[in-house]
Amino acid sequence: MKLHTTRRGFMAATGLFAGALAAPTVLRAQTKYTLKISHYLPPTHGFQTDFIQPWAENLKQKTNGAIDYKIYDVSTAFGRADRQADQVRAGVVDIALGLCGIPRGRFPHSSVIELPFVVERAESGSRALWQLYKENKLGNEYAPFKVLLLMTHNGALIHTVDRPVKQLSDLKGLRIRSPGPAVNAMLEYEGASALALPPSQIYEGLEKGSLDGLATTWDLVAAVRANEVLKYHTDCRLYGAAFYYLMNKNSFARLPKELQTLIDETTGEALLPKVGPWWDKWDAVGKADAVKRNEEIIVIDDAERRKWRDQLKPMTEKYLASLKSEGVDDPAALYKDALDLVQKYGA
């Protein structure tokens, strides 16, 4: 897209995002660049309040206003979950935060990180996914973009309205909202119907009875007020969904070198230490709300989780085999790499 620009001088800037130390960077460009940044959740969500806005505001301050920004949330024309990557690629927006699993098939290599029991903690999952990207093990699926961050959330739960899920067989017959193809495969393997609803439609689906539950974090439950309808929460740390923070390559290329450097210095590795604390903070809100409402929280212990993992092994193998038709050359090797990296960063 053509960035909105105005002529404006600005002074030198030093430092990195959130206090990281660096040598002073002298910025000499004279044009103002306004970045259009989109995501698919409400403006009160941590995606915006803890991540996007502080990051963008930091750029604005460090450049004395040479970089400005406009954020578009779910309430805007740019807020559809299934269009975030497309908007960036087309240049409709400059940057977007979205789910790798929506729409299906866009990022098949990345979906490996979402398979059951690969990720339990956001920090290790995010570092593993980022490392796979840095090692060029995710094919060419991010080639059209300037990648600013890849991350996962904490291990997800199964949240239901009328039927508690205490074992995998309890999923049979339930209509469960799912974030992507790997989780779809798991739910369908256990006899559930996996529904790919955007977050904005979850509450209505639960309230009207067209949805029996959802597979997600405490965070999303809070974001869409689902605890008003839900009664049961199965804490099984089942999977970690993958997210991207992408920039249009042309938008990045149009920036002066000094501004490109500042963006590079404040994304990727610089953001990874923040991911775990972000998700812990966001998840705490949903869990506290469920406790306040006296809803039942069913904790699946490690021994039972190992049984679930063994039960789902045939499904995992079948899913990995299916990825070959989506351009993943060696899904089994990629899966092993993901497991090894999660274990490494979780140690």
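When the side chain to side chain contact (heavy atoms under 4.5 Å, CB included) test is applied to Ile300, the partners found at least two apart in sequence or on another chain are Thr234, Cys236, Ile298, Glu304, Arg305, Trp308. In this structure, the side-chain hydrogen bond (donor to acceptor under 3.5 Å, both in side chains) partners of Arg237, at least two apart in sequence or on a different chain, are Glu120, Asp302. In this view, Ser111 and Tyr319 satisfy the side-chain hydrogen bond (donor to acceptor under 3.5 Å, both in side chains) rule, not counting sequence neighbours. With sequence neighbours excluded, no residue satisfies side-chain hydrogen bond (donor to acceptor under 3.5 Å, both in side chains) with Lys287. With sequence neighbours excluded, the residues satisfying side-chain hydrogen bond (donor to acceptor under 3.5 Å, both in side chains) with Glu204 are Lys208. Taking the side chain to side chain contact (heavy atoms under 4.5 Å, CB included) definition, one finds that Lys292 meets it with nothing, sequence neighbours left out. With sequence neighbours excluded, no residue forms a salt bridge (Lys or Arg N to Asp or Glu O under 4.0 Å) with Asp330. Residues passing the side chain to side chain contact (heavy atoms under 4.5 Å, CB included) test with Thr76 are Tyr72, Asp73, Phe78, sequence neighbours excluded.
Each salt bridge (Lys or Arg N to Asp or Glu O under 4.0 Å) pair with one or both residues in residues 100-110, not counting sequence neighbours, appears once here: Asp86-Arg106. Under the side-chain hydrogen bond (donor to acceptor under 3.5 Å, both in side chains) criterion, the residue pairs touching residues 172-184 are Arg175-Asp212, Ser178-Asn184, with sequence neighbours excluded. For residues 190-203, the side-chain hydrogen bond (donor to acceptor under 3.5 Å, both in side chains) pairs, not counting sequence neighbours, are Tyr203-Glu228. The ring-ring contact (aromatic ring centres under 6.0 Å, His included) analysis of residues 153-179, with sequence neighbours excluded, yields the pairs His153-Tyr239, His153-Phe243, His153-Trp279, His159-Trp218, His159-His233.
Counting heavy atoms from C-beta outward, Phe117 and Leu312 have side chains that approach closer than 4.5 Å. You'll find the side chain of Trp55 reaches within 4.5 Å of the side chain of Ile37, heavy atoms only. Contact annotation: the side chain of Leu272 approaches that of Arg127 to within less than 4.5 Å [non-hydrogen atoms, C-beta and beyond]. A heavy-atom distance below 4.5 Å is not found between the side chains of Lys318 and Leu320. For the pair Phe252 and Asp264, the minimum side-chain heavy-atom distance is below 4.5 Å. Between Ile158 and Leu174 there is no side-chain heavy-atom pair separated by less than 4.5 Å. With a 4.5 Å cut-off on side-chain heavy atoms, Leu271 and Thr266 do not count as touching. A 4.5 Å side-chain heavy-atom check between Asn248 and Phe145 finds every atom pair outside the cut-off.
Across Leu129 and Ala242, no two heavy atoms sit closer than the pair CD2-CB, 3.8 Å. Here the closest non-hydrogen pair linking Leu132 and Ala338 is CD1-CB, 4.1 Å. Contact between Glu141 and Leu138 at its shortest, heavy atoms only, is CG-O, 3.1 Å. When every heavy atom of Ser325 is checked against every heavy atom of Ser322, the shortest pair comes out as OG-O, 2.8 Å. The shortest non-hydrogen separation linking Gly79 to Gln84 is C-NE2, 3.7 Å. Nearest heavy-atom pair, Lys32 versus Gly65, reported as atom, atom and distance to 0.1 Å: CG-O, 3.6 Å.
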Please test Thr316 against Tyr335 for side chain to side chain contact (heavy atoms under 4.5 Å, CB included), starting from the C-alpha separation and ending with a verdict.
CA-CA 10 Å; Thr316 297; Tyr335 177 65; 3.8 Å; yes
Dump the intermediate steps for side chain to side chain contact (heavy atoms under 4.5 Å, CB included) on Leu323 and Glu326, then the final yes or no.
CA-CA 5 Å; Leu323 290 179; Glu326 298 187 47; 4.2 Å; yes
Given the rule in the side chain to side chain contact (heavy atoms under 4.5 Å, CB included) test, do Tyr244 and Leu149 qualify, once you have shown the distances and angles that lead to the verdict?
CA-CA 6 Å; Tyr244 55 73; Leu149 179 68; over 6 Å; no
Can Asp340 and Lys344 be said to form a salt bridge (charged side-chain N to carboxylate O under 4.0 Å, His left out), step by step?
CA-CA 6 Å; Asp340 291 344; Lys344 172 186 174 180; over 6 Å; no
Show your reasoning for whether salt bridge (charged side-chain N to carboxylate O under 4.0 Å, His left out) applies to Arg121 and Glu123.
CA-CA 6 Å; Arg121 298 288 301 157; Glu123 182 172 1; over 6 Å; no
Between Ser110 and Tyr142, is a side chain to side chain donor-acceptor pair (under 3.5 Å) present by the stated rule, with each step listed?
CA-CA 10 Å; Ser110 300; Tyr142 295 103; 2.7 Å; yes
Applying side chain to side chain contact (heavy atoms under 4.5 Å, CB included) to Tyr40 and Ile102, what does each step give before you reach the verdict?
CA-CA 11 Å; Tyr40 62 93; Ile102 299 177; over 6 Å; no
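Looking at Asp289 and Arg293, a side-chain N of the basic residue comes within less than 4.0 Å of a carboxylate O on the acidic one, giving a salt bridge. Using a 4.0 Å cut-off between charged side-chain N and carboxylate O, Lys231 and Asp162 make a salt bridge.
By the rule that hydrophobic residues join a cluster once side-chain heavy atoms approach within less than 4.5 Å of another member, Val221 and Val74 end up as members of separate clusters. Hydrophobic clustering (side-chain heavy atoms under 4.5 Å, transitive across Ile, Leu, Val, Met, Phe, Trp, Tyr) groups Met151 together with Leu99.
In this structure, Thr217 OG1 and Trp282 CH2 are separated by 9.5 Å, a value rounded to the nearest 0.5 Å. Considering CD1 of Ile202 and CD of Glu207, their distance stands at 13.5 Å, rounded to 0.5 Å. Note that SG of Cys100 is 6.0 Å distant from CG of Leu150, once rounded to the nearest 0.5 Å. Rounding to the nearest 0.5 angstrom, the gap separating the NZ atom in Lys134 from the CD atom in Glu269 is 7.0 Å. Rounded to the nearest 0.5 angstrom, Ile52 CD1 and Ser38 OG are separated by 8.0 Å. In this structure, CG on Asp94 lies 8.5 Å from CZ on Arg254, to the nearest 0.5 angstrom.
The environment of CG in Asn140 is sparse: at most 12 heavy-atom neighbours from other residues, nucleotides or ligands sit within 6.0 Å.
Counting only N and O atoms by type, the side chains of Tyr69 and Glu57 include a donor and acceptor under 3.5 Å apart. Side chains of Asn154 and Asp283: a donor on one and an acceptor on the other come within 3.5 Å. Side-chain contact, Tyr345 with Ser126: no donor N or O sits under 3.5 Å from an acceptor N or O. Thr34 and Asp68 form no side-chain donor-acceptor contact under 3.5 Å, judged by distance and modelled atom types alone.
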